[in-house]
Amino acid sequence: MSKFFVTTPIYYVNDAPHIGHAYTTILADVLSRYHRTLGDKVFFLTGLDEHGQKVMQAAQKRGLSPQAHCDDLSPRFLNLWKTLDIRYDDFIRTTQERHKKIVQLVLQKVNDNGDIYTDEYEGWYSVAEERFITDAEYESGQFRDVKKLKEKNYFFKMSKYQQKLIDYIDAHPDFIRPEHRKNEMLGFLRQPLGDLCISRPKARMDWGIEIPFDREYVTYVWFDALVNYISAAGYGSDEPKFKKWWPADVHLIGKDILTTHCVYWTTMLFSLGVPLPKTIFAHGWWLIADTKMSKSLGNVVNPLDLIESYGVDAVRFYLMREMVLGLDANFTPDSFIKCFNSDLANDFGNLLNRVSGLIHKNHDGQIPQPGILTPAEEDIKTQGNALPGKITELINQFKVQEAVTSVLDFVRSLNKYMEVQAPWKLAKTDMDSARRVLYTAAEGLRIAAIMLAPVMPQKTAAVLDILGASNTQPVWGQLKPGTILKAHPPLFPRIEVEKK
RNA sequence: CGCGGGGUGGAGCAGCCCGGUAGCUCGCCAGGCUCAUAACCUGGAGGUCAUAGGUUCAAAUCCUGUCCCCGCAACCA
């Protein structure tokens with residue numbers, strides 16, 4: 001029994017939540033739930049990034065204060081997480097006092113270490129990107145809204161830690177995963193690393209956290225947002241808590257924010273003298289019908305629409321089942337329906353119907369006695385007992401897709417077992433055998449349901465309730481003969497598509 | 001020589017790090033079963049694992065070259 005501290009990025013409050021946000025958060029939730037079932041103490045952190053120019057501008061446009069604007073928008077995420085059954089332990093907002101205090105503490109410490117300096121900088125500034133761009137970038141003509149700007153700013157000596165970071169990555173093979181992302185970062189670090197501009201003069205942008213040693217400035221995104229991972233964990237405010245949880249076991253991120261996490265964040269931690277997270281795991285993107293999801297293309301998939309059509313658990317299942325962690329995956333309604341019908345309706349849901357139907361028909365609706373097992377049952381029992389260990393191992397390797405499919409493989413072998421044993425025939429000739437087979441199938445289904453519970457909390461709870469086996473463990477033999485099976489509608493009614 | 005990802009039976013994808021019968025889901029064909037959500041089970045057709053070399057007793061898997069596809073303004077997991 002140990003601890004598991006998992007984080008998602010904090011999402012930008014101005015964004016409309018989309019399938020990508022939902023994916024990362026569900027992934028964190030699924031990992032958390034698996035670890036909880038293992039008896040680990042879990043801390044699952046997510047939250048919102050609420051500062052910055054875009055928030056300020058959007059608020060102005062609406063005639064609201066930035067804070068009121070954030071307060072108005074944050075429920076979009078909170079409600080989505082509620083709908084998606086996300087069981088986070090803490091939800092941090094960067095505008096919270098507890099966070100702002102720590103950001104200032106961190107800035108002060110880093111400054112005390114001599115890692116912050118000021119520089120007068122004149123260059124091309126991209127209003128759209130809220131940052132200075134290099135001459136090369138300017139000449140590329142790929143930036144709009146560019147103007148010449150000269151101003152004093154604060155910089156973080158990131159370059160100082162370049163070699164240390166390279167050495168660290170080399171010495172810790174699991175620090176950046178999957179491996180091709182690690183290689184990407186090492187490639188990036190072959191170039192000289194620049195320093196990081198970390199401030200904005202209030203005159204230009206004042207919706208942020210004030211720099212403690214210069215009240216004319218607020219800090220810019222990195223020291224504001226990334227620090228959430230430790231501010232929420234108690235750094236600088238609750239040492240016992242921080243000791244208990246930090247370092248994080250995994251920062252889950254999308255591949256787009258790899259550099260900010262692997263380079264900016266880790267060098268910040270170096271400066272602070274705080275240990276690095278054990279793993280930064282970058283997953284891929286959901287492509288929509290083979291193209292990148294983007295607002296301008298108008299193909300952004302809203303998770304709420306999916307849930308409305310197919311149900312929360314099916315959406316969670318699909319996302320976990322379909323994406324190989326680390327690679328991109330492709331979303332299409334058609335693949336969703338196929339996955340739903342074959343895995344959930346035909347295999348999992350239908351197995352429940354077969355078992356419960358026969359038990360009601362031939363065994364008074366009571367879980368029958370297993371009697372003495374034959375080799376066929378011993379085989380199923382062995383598979384069932386082996387499943388939890390297998391899943392645990394896969395989850396520890398972040399192979400969520402394989403974990404899910406290996407449960408489905410077990411479900412399929414239960415369907416096969418039913419077919420071979422044919423308890424509907426046995427009921428006419430050999431009632432004891434019929435009982436044994438149905439007990440075995442029901443017990444296998446129970447274990448499969450428990451192993452899928454982190455992915456589909458509601459539907460699996462329903463199955464366990466039907467079996468009268470809520471709060472049982474994934475160990476063979478906990479299903480109680482004599483328990484009355486509850487009546488139930490089909491778990492996952494097939495999605496019928498009119499054939500073309 | 002910009003960077004990165006990828007090319008595996010009709011479709012979608014694993015496997016590649018740690019070489020050794022090419023696997024899964026869907027679709028198709030045939031059969032079985034008929035408890036079940038026209039679901040389930042069995043068998044089959046279909047792949048020179050982009051391509052050319054190399055290493056090796058042995059390569060989808062390691063090395064090298066070549067071709068092709070995708071992403072790289074912003075939004076953004």
Side-chain angles (χ1 to χ4, degrees), chain A residues 8-12 14-28 46 54 126 128-129 133 136-137 140-145 173 178-184 187-188 191 252-258 282-287 290-297 300 319 321-324 326-330 332 334-335 337-339 341-362 399 401-402 405-406 408-409 412-427 434 437-438 441 489-496:
Chain A
T8 72
I10 48 175
Y11 307 114
Y12 204 53
N14 265 17
D15 297 328
H18 57 61
I19 192 175
H21 300 111
Y23 174 73
T24 311
T25 311
I26 290 169
L27 177 61
T46 185
K54 290 197 184 69
S126 159
E129 274 215 52
I133 57 175
E137 283 177 317
S140 76
Q142 293 184 324
F143 291 81
R144 297 161 306 167
D145 258 343
E179 189 158 4
H180 63 265
R181 296 294 169 206
K182 179 181 93 175
N183 295 337
E184 194 177 326
F188 176 79
Q191 312 293 328
L252 294 175
I253 60 169
K255 65 180 183 182
D256 52 323
I257 48 177
L258 189 67
H283 65 247
W285 271 341
W286 280 95
L287 306 178
D290 282 321
T291 46
K292 189 175 168 181
M293 179 168 58
S294 79
K295 286 176 189 168
S296 54
L297 285 177
V300 175
L319 294 178
R321 161 77 172 82
E322 211 57 23
M323 181 178 272
V324 174
L327 303 178
D328 289 348
N330 199 21
T332 62
D334 194 45
S335 78
I337 290 169
K338 274 180 178 162
C339 167
N341 280 345
S342 66
D343 286 350
L344 296 179
N346 298 350
D347 290 338
F348 188 63
N350 188 41
L351 176 62
L352 173 66
N353 273 34
R354 301 179 83 181
V355 169
S356 75
L358 284 166
I359 289 179
H360 278 290
K361 193 168 173 182
N362 298 330
K399 294 185 177 174
Q401 190 229 29
E402 277 190 62
T405 50
S406 63
L408 261 293
D409 285 341
R412 278 185 272 274
S413 71
L414 289 170
N415 272 318
K416 179 176 175 179
Y417 166 77
M418 286 282 282
E419 193 65 30
V420 172
Q421 301 299 322
W424 51 93
K425 278 185 187 165
L426 293 171
V437 171
L438 284 175
L491 203 59
F492 293 102
R494 276 176 68 82
I495 300 168
E496 298 300 343

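On a predicted model such as this, the values are computed, not experimentally measured, just so you know. Note on naming: letters A, B, ... go to the chains in the order of the sequence lines (proteins, then strands), and numbering restarts at 1 for each one.
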S.K.: Taking B:A50 as the reference, what is the distance to B:U56 when you measure between their P atoms (whole Å, please)?
M.R.: 23 Å

S.K.: Which one, B:C75, B:C40, B:C13, comes nearest to the side chain of A:Q401?
M.R.: B:C13

S.K.: Quick check: closest heavy atoms across A:Y23 and A:L319, and the distance to 0.1 Å?
M.R.: CE1-O, 3.6 Å

S.K.: Which whole-number value in Å describes the distance from A:N353 CG to B:C35 P?
M.R.: 14 Å

S.K.: With rounding to the closest Å, how many angstrom separate the P atoms on B:C41 and B:U25?
M.R.: 9 Å

S.K.: For RNA chain B, what dot-bracket results from Watson-Crick or G-U pairs at under 3.5 Å, with [ ] for crossers and | for inter-strand partners?
M.R.: .(((((((.[[[[.)....(..]]]].(((((.......))))).....[[[[[..)....]]]]])))))).....

S.K.: Calculate the interatomic distance between A:E402 atom CD and B:C13 atom P; express it in whole Å.
M.R.: 17 Å

S.K.: If the P atom of B:A74 is compared with that of B:G7, how far apart are they to the nearest Å?
M.R.: 27 Å

S.K.: Just the table, please: protein N/O against nucleotides 2-7 of chain B N/O, every pair under 3.5 Å.
M.R.:
none

S.K.: Measure the distance from OH on A:Y417 to P on B:C35 and round it to the nearest whole Å.
M.R.: 18 Å

S.K.: For residues A:N341 and A:I495, report the shortest heavy-atom separation together with the two atoms involved.
M.R.: OD1-N, 2.8 Å

S.K.: Would you indicate what A:L491 reaches in the nucleic acid, counting non-hydrogen atoms under 4.0 angstrom: base, sugar-phosphate, or nothing?
M.R.: base

S.K.: Quick one: A:L358 CG to B:C33 P, roughly how many Å, whole number?
M.R.: 17 Å

S.K.: Can you tell me how far C1' in B:G54 sits from the matching atom in B:G19, rounded to whole Å?
M.R.: 15 Å

S.K.: Could you tell me the separation between the NZ atom of A:K255 and the P atom of B:C75, rounded to a whole number of Å?
M.R.: 16 Å

S.K.: Taking the side chain of A:K425 as its heavy atoms from C-beta onward, which of B:C76, B:C33, B:U37 lies nearest to it?
M.R.: B:C33

S.K.: Applying a 4.0 Å non-hydrogen cut-off, can you work out what A:I253 is touching in the nucleic acid: base, sugar-phosphate, or nothing?
M.R.: sugar-phosphate

S.K.: Backbone N or O of A:H18 within a donor-acceptor pair of the A:H21 side chain at under 3.5 Å?
M.R.: yes

S.K.: Looking at A:D347, is its backbone amide N or carbonyl O close enough to the side chain of A:N415 to form a donor-acceptor pair, meaning the two atoms are under 3.5 Å apart?
M.R.: yes

S.K.: For atom C1', what is the distance between B:U8 and B:C68, given to the nearest Å?
M.R.: 16 Å

S.K.: Quick check: closest heavy atoms across A:L491 and A:F348, and the distance to 0.1 Å?
M.R.: CD2-CE2, 3.6 Å

S.K.: By side chain to side chain contact (heavy atoms under 4.5 Å, CB included), which residues pair with A:K338, not counting sequence neighbours?
M.R.: A:D334

S.K.: Ignoring hydrogens and angles, answer whether the base of B:C35 and the side-chain atoms of A:E419 contain a donor-acceptor pair closer than 3.5 Å.
M.R.: yes

S.K.: If you only use heavy atoms from C-beta on, which nucleotide in B:C41, B:C40, B:C76 is closest to the side chain of A:H21?
M.R.: B:C76

S.K.: If we take the C1' atom in both B:U55 and B:G20, what is their distance in whole Å?
M.R.: 16 Å

S.K.: With a 4.0 Å cut-off, would you call A:D15 and A:K54 a salt bridge?
M.R.: no

S.K.: Output side-chain donor-acceptor pairs under 3.5 Å for residues 419-426 of chain A, partner residues at least two apart or in another chain, one line each.
M.R.:
unit_1: A:E419; atom_1: OE1; unit_2: A:R354; atom_2: NH2; d: 3.3

S.K.: Dump the pairs, protein N or O against N or O of nucleotides 22-28 of chain B, anything under 3.5 Å, distances to one decimal.
M.R.:
unit_1: B:C26; atom_1: O2'; unit_2: A:K338; atom_2: NZ; d: 3.4

S.K.: Considering only atom C1', compute the distance from B:A77 to B:C40 and round it to an integer number of Å.
M.R.: 38 Å

S.K.: With C1' as the reference atom in both, quote the distance from B:C26 to B:C62 in angstrom, rounded to an integer.
M.R.: 33 Å

S.K.: Whole angstroms only, please: what is the CG-P distance between A:D15 and B:A74?
M.R.: 14 Å

S.K.: Show the nearest heavy-atom pair for residues A:D343 and A:L408, with the distance to one decimal.
M.R.: O-CD1, 3.6 Å

S.K.: Rounded to the Å, how far apart are A:R494 CZ and B:U37 C1'?
M.R.: 7 Å

S.K.: Could you pull out all residues at least two apart from A:N353 that satisfy side chain to side chain contact (heavy atoms under 4.5 Å, CB included)?
M.R.: A:N350, A:H488, A:P490

S.K.: What integer distance in Å separates A:H360:NE2 from B:U37:P?
M.R.: 13 Å

